[in-house]
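Residue numbering restarts at 1 for every chain, and letters A, B, ... go by the order of the sequence lines. What you see is a predicted model, and the numbers here were worked out from it, not measured in a lab.
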Amino acid sequence: MVAPHVDVSNDEHAELLACRSLVTLRINGRETKLTIAPWTTLLDLLREHLDLTGTKKGCDNGQCGACTVLVDGTRINACLTLAVTKDGSEVTTIEGLSAGDQLHPVQKAFIERDAFQCGYCTPGQICSIVGLLREGRAKTTRDVRELMSGNICRCGAYANIVAAIEDVLTEASHTPDGEREP
Amino acid sequence: MTASSVGKPLDRVDGRLKVTGTATFSAEVAVANVAHAVIVGATISKGKITALDVGEAQRVPGVVAVLTHLNAAKVPGADKPTEMTDKVVQVLQNDAVLYDGQPIALVVADTLEHASHAASLVKATYAAEAAICEMDKEIGAGFAPKAAPGRPPPDSNRGDIDAALATAFARVDATYTTPCENHNPLEMHATIAVFQGEDHLTLYDATQGIFGLRKRISKAFDLKPENVRVISHFVGGGFGSKGSAWSHVFLAAMASRATGRAVKLSITRQQMFAFVGYRPQTIQQVTAAASKDGTLVALRHEVTSATSRFDTFAEPSANVTRMLYACPNVKTSHRLVRLDVATPTFTRAPGEASGSFALESALDELSYSLKMDPLALRLKNYAETDPDEKKPFSSKTLRDCYTQGAAKFGWSKRKPEPRSMRDGNWLVGFGMATATYPSRQSAASALARVKKDGSAQVLAGSQDIGTGTYTIMTQIAADALGMSVERVHFDLGDTTFPETPVSGGSQTASSVGSAVKRAGMAVRTKLIDLAVKGKGGPLNGMSAEQVDAEAGVLVSKQDRTKSDSYEAVLARNGLDQIEEKIDEKEKAERKDHSTHAFGAHFIEVKVDPDFGEVRVSRVVSAFAAGKILNRKTARSQFIGGIVWGLGLALHEHTERDPRTSRVVTKDLADYHVPVHADVPDMDIVMVDEVDPYVNEIGAKGVGEIGIVGVGAAIANAVYHATGKRVRSLPITLDKLL
Amino acid sequence: MRAHVASYDLVQPGSLREVLTLLAREPGVYRPLAGGTDVMVVYAGGKLAHTKFVDVHGLRELRGIVVTDDAVTLGALTTYTDVQAEPTLGREFPMMGQAASETGGWAIQNRGTLGGNIANASPAADSPPALLAYDASVELTSTRGARWVSYATYHTGYKTTVRAEDELVTRVRIPRIAPGAQGSRVHMFRKVGPRKAQAISKVSFAACVDVDGTRITSARVALGGVAPVVLRVVATEGALVGADVTTLDVAAIGATLSREVTPIDDIRSTARYRRRVAENLFVELTRKLKAHVGLGSQAR
């Protein structure tokens with residue numbers, strides 16, 4: 001991957017812009033080294049520097065969850081995370097959840113339950129759910145709703161999203177590989 | 001006949017793209033040599049820019065241009081809207097500041113980081129003037145808006161309301177208010193503008209109307225419409241805000257022309273509260289009166305809504321009152337007041353969502369005065385024909401919505417007295433309201449094509465803003481072509497495709513669907529003609545009426561062993577493809593009918609008596625909306641609308657600082673939209689309804705009706721739970737203690 | 001819009017010693033950055049005045065929860081998710097987990113830290129009332145050494161604290177009840193808002209009351225959202241201590257509490273509402289106390 005182009009022609013800004021860090025991330029199983037400004041968020045790194053646009057920008061404020069990705073298996077808001085602070089981590093985005101044509105069980109359940117409309121919050125919802133399932137905290141429908149409340153769906157597909165989650169939870173309790181590791 | 005796909009709960013055809021993150025939204029289109037633009041917004045709400053220091057911004061490495069009113073090219077059409085969806089835009093044409101956050105400069109740079117950084121360095125000095133944003137203070141200056149062409153007039157009057165009021169047994173006079181709401185689709189508005197030379201422009205834009213956008217931009221920039229191409233394959237929600245070309249689209253195009261580069265402009269969440277429209281605040285006075293048996297004798301509904309100083313949008317809240325009940329004496333009016341704010345616009349069920357809150361709350365109040373069940377009151381005043389247009393309904397199955405919804409909800413368990421039902425410490429309330437939304441149809445075109453490999457391609461401009469357009473059009477086309485959905489590829493979102501209307505007013509299924517159906521039927525007819533009259537083949541010599549189409553194969557109705565595939569017909573006749581383009585107009589029978597979808601909401605709330613917290617615990621809603629094209633995606637539209645109603649009732653409110661007229665709720669932490677924890681499971685009843693008049697496909701449109709009535713149903717449930725009547729939305733905790 | 005992207009500086013020292021040395025060398029120049037849940041929002045909003053940050057999120061010294069006989073000590077980087085998972089906290093200090101579970105959404109809980117929350121001193125935060133009710137102390141460390149301050153004296157005003165510019169919040173300590181102590185404890189935490197998760201509370205309330213028989217032996221009651229700082233209502237506590245639950249003068253003590261709070265009108269709610277809620281929360285506490293000693297029914 002190429003580092004973003006930096007114009008250092010102007011003295012006044014050259015010093016500040018020269019302040020750059022090398023970051024190594026394993027993104028969807030592939031080791032990725034980049035030289036970036038330390039203030040580059042993980043979200044901008046994915047979308048603008050790596051063209052991984054499946055992760056969405058909905059607010060840039062940690063208030064909507066559209067940028068949810070998994071870092072070392074834990075769901076986080078990529079917009080609130082400086083990429084350099086995750087040096088050496090394993091990052092899984094929506095692009096890394098399916099294996100070729102084989103969709104992740106959560107992705108399948110989303111299609112079956114029509115758990116989305118416009119689709120813009122969907123990658124974040126799905127990554128959040130994968131993180132939620134790993135946390136193992138959601139025991140009841142009420143827990144699911146509380147623990148998913150950081151992911152806004154403005155189209156209002158919540159009831160279908162919860163139904164999709166419950167399908168996956170039920171499936172997981174029947175088949176040992178129902179909840180696949182991302 | 002081929003097994004029908006229409007009506008089946010087909011999974012979305014674009015589902016896989018959306019769940020794998022590969023659906024490409026406007027800001028994500030890969031365009032070569034793209035520069036990034038960032039808008040600098042005004043920090044006052046009214047006045048003039050006296051100085052604009054862009055020196056520091058221009059010195060940021062990577063900055064390509066800083067556009068301001070001092071150097072920007074003139075766009076003479078910017079303040080000359082011609083169509084209903086057109087807006088007066090603020091695109092650096094002068095030094096005036098008309099509202100908080102108005103664009104005052106545009107920074108273009110090589111990267112988003114550089115553009116953002118430079119934008120933060122632009123320093124503006126203003127001569128600020130006092131800005132007014134409090135509507136109640138201006139209400140005396142209200143004026144009647146002009147009627148939009150083809151839309152109902154602002155005022156109406158039937159019967160003699162004063163005489164009727166004099167004889168009424170029970171009467172409610174009340175003022176209801178609804179707040180300013182911002183649409184906040186999760187995808188921020190975004191445009192990539194690419195000028196090729198001086199006279200060709202391509203826009204990748206997050207829009208609900210590619211053709212409207214093309215018309216507006218081509219006029220404003222004095223380009224031939226055919227030289228402007230708008231592409232919009234996926235839109236991350238619109239709800240009305242993406243129905244117009246707002247300032248940022250013009251600015252992106254201006255920047256591309258000025259720099260000779262492709263320019264990407266994605267606005268920020270904070271800017272979503274500034275210049276892309278909102279649902280205006282309303283103040284609504286309602287008088288509802290009835291005789292002793294509950295017969296409505298008079299309805300008066302006077303609406304005032306807010307608009308900007310420089311443009312006009314009126315929230316048509318009283319239209320619903322004209323037609324919903326069989327009341328002989330009805331008087332309604334709409335007035336506007338001007339404030340120092342940006343221009344409002346269409347927001348999911350504009351008018352119906354806000355107006356039904358007032359009307360359906362007033363009816364609930366009246367039911368208590370009459371000691372009558374709220375549902376019985378509605379049934380008592382059921383309108384068998386449209387009392388406003390004085391026409392029969394093309395279809396109306398509202399009575400079934402009431403009875404089926406009430407039965408599923410368990411409405412009969414409602415104790416009439418407020419504050420009479422409890423669940424532990426929580427107060428429990430039942431509320432209901434009627435929903436309705438007009439079933440519109442606009443002219444639309446579509447092209448269908450069967451190719452020599454036996455697959456079909458169907459094209460119509462249109463948009464899919466999450467409503468399921470891709471999916472339902474595929475189903476309609478497959479049935480019309482006599483093919484399976486797997487072999488039909490429907491594409492949209494490009495002005496090089498046949499022309500279609502804006503995805504607004506719940507008209508896409510109706511308008512585009514009718515065109516797609518007729519285009520598919522026309523191709524099927526051509527294929528049959530070719531099979532029976534063309535070169536050879538097993539069906540040759542039969543009459544067209546004797547031939548059926550089924551999964552891409554033509555079959556003799558008499559002898560089903562005789563068949564001819566589409567591939568074979570084309571090959572034998574030496575054709576690569578066969579296609580038809582249809583320009584569909586409004587269905588003629590619509591003129592003699594009133595066309596509306598109807599529904600009924602039954603909602604249970606629980607209210608904490610000590611803290612005023614409200615939880616919506618159960619929702620049962622029944623809808624009759626003609627032919628349901630896809631039960632899965634239609635249900636999603638209904639539940640989405642209801643969630644919007646929940647937001648209107650309990651959460652959403654764009655607040656301004658009255659001292660400065662600036663928005664203080666500029667993010668999703670302070671502007672609350674419903675989240676998972678707010679939304680219960682919902683029981684949606686889709687009542688069967690056949691409508692032969694409304695349009696070619698018999699479908700009424702389902703995108704907006706879901707929100708209509710929810711505000712009132714929740715407020716009515718809260719009253720039933722607590723005995724507190726809240727007439728001012730949203731119902732926040734403090735209003736209940 | 002995102003401001004000054006190029007002009008921010010972020011350093012990532014490898015140890016606590018290095019961080020403290022940096023803070024001591026240029027006091028006030030470097031601002032510690034932990035989970036980033038507050039700082040990043042201000043940054044994205046283009047309103048972050050500070051430009052130099054020191055990333056402390058990687059410091060192992062600030063992690064972990066240690067349970068000893070007399071206290072539970074939490075590293076400053078303990079996240080809200082960690083708080084909810086700790087069994088001793090769950091058993092003995094349940095309000096810590098309840099407050100943590102109602103702080104922001106899941107993203108904030110996974111990322112936001114107790115130390116960061118304390119350092120930022122937001123009056124609307126959800127954990128501080130619980131910390132006050134449990135009589136927590138905060139450890140502030142600099143190259144000059146470490147000191148423990150009672151959390152009750154930590155906040156000095158709106159967003160101001162006793163922390164010096166070279167000091168880092170390093171640990172939080174919550175005292176446990178001495179083994180063999182008489183009586184039993186009543187905990188009541190309540191966040192009042194439009195919903196639990198992902199909403200800024202209008203009023204939050206935490207009370208920890210020790211009862212011996214029917215007599216109140218100790219009471220700590222704290223409220224957020226009713227004053228410029230998270231408030232211990234000491235006069236109310238004074239009226240409770242020594243009183244008998246069975247003969248509690250609810251109206252009189254409630255009036256005392258009402259005099260102690262000084263809520264304001266803002267975009268999130270009204271002063272009148274906040275005062276009423278504070279009063280009603282107190283009534284709920286008394287109901288809970290009565291139920292605890294076997295009088296009346298347990299509320300909710």
Check: Between Asp734(B) and Arg272(C), which heavy-atom pair has the shortest distance, and what is it?
Finding: O-NH1, 4.2 Å

Item checked: Spatial distance of atom CG (Asp610(B)) from atom CG (Leu281(C)) [nearest 0.5 Å] -> 8.0 Å

Next item on the list: Output the distance between atom NZ (Lys202(C)) and atom OG1 (Thr732(B)), rounded to the nearest 0.5 Å.
Entry: 7.0 Å

Notebook entry, point to check: Heavy-atom distance under 4.5 Å to chain B: side chain of Arg274(C), backbone, both or neither?
Noted result: neither

Notebook entry, point to check: Hey, is Arg190(C) close enough to Asp608(B) for a salt bridge, meaning N to O under 4.0 Å?
Noted result: yes

Next item on the list: Give the minimum heavy-atom separation between Glu613(B) and Val192(C), together with the two atoms involved.
Entry: OE2-CA, 3.6 Å

Check: At what distance, to the nearest 0.5 angstrom, does CG of Leu737(B) lie from CD of Glu279(C)?
Finding: 10.0 Å

Check: How far does CZ of Phe611(B) sit from CZ of Phe205(C), to the nearest 0.5 angstrom?
Finding: 8.5 Å

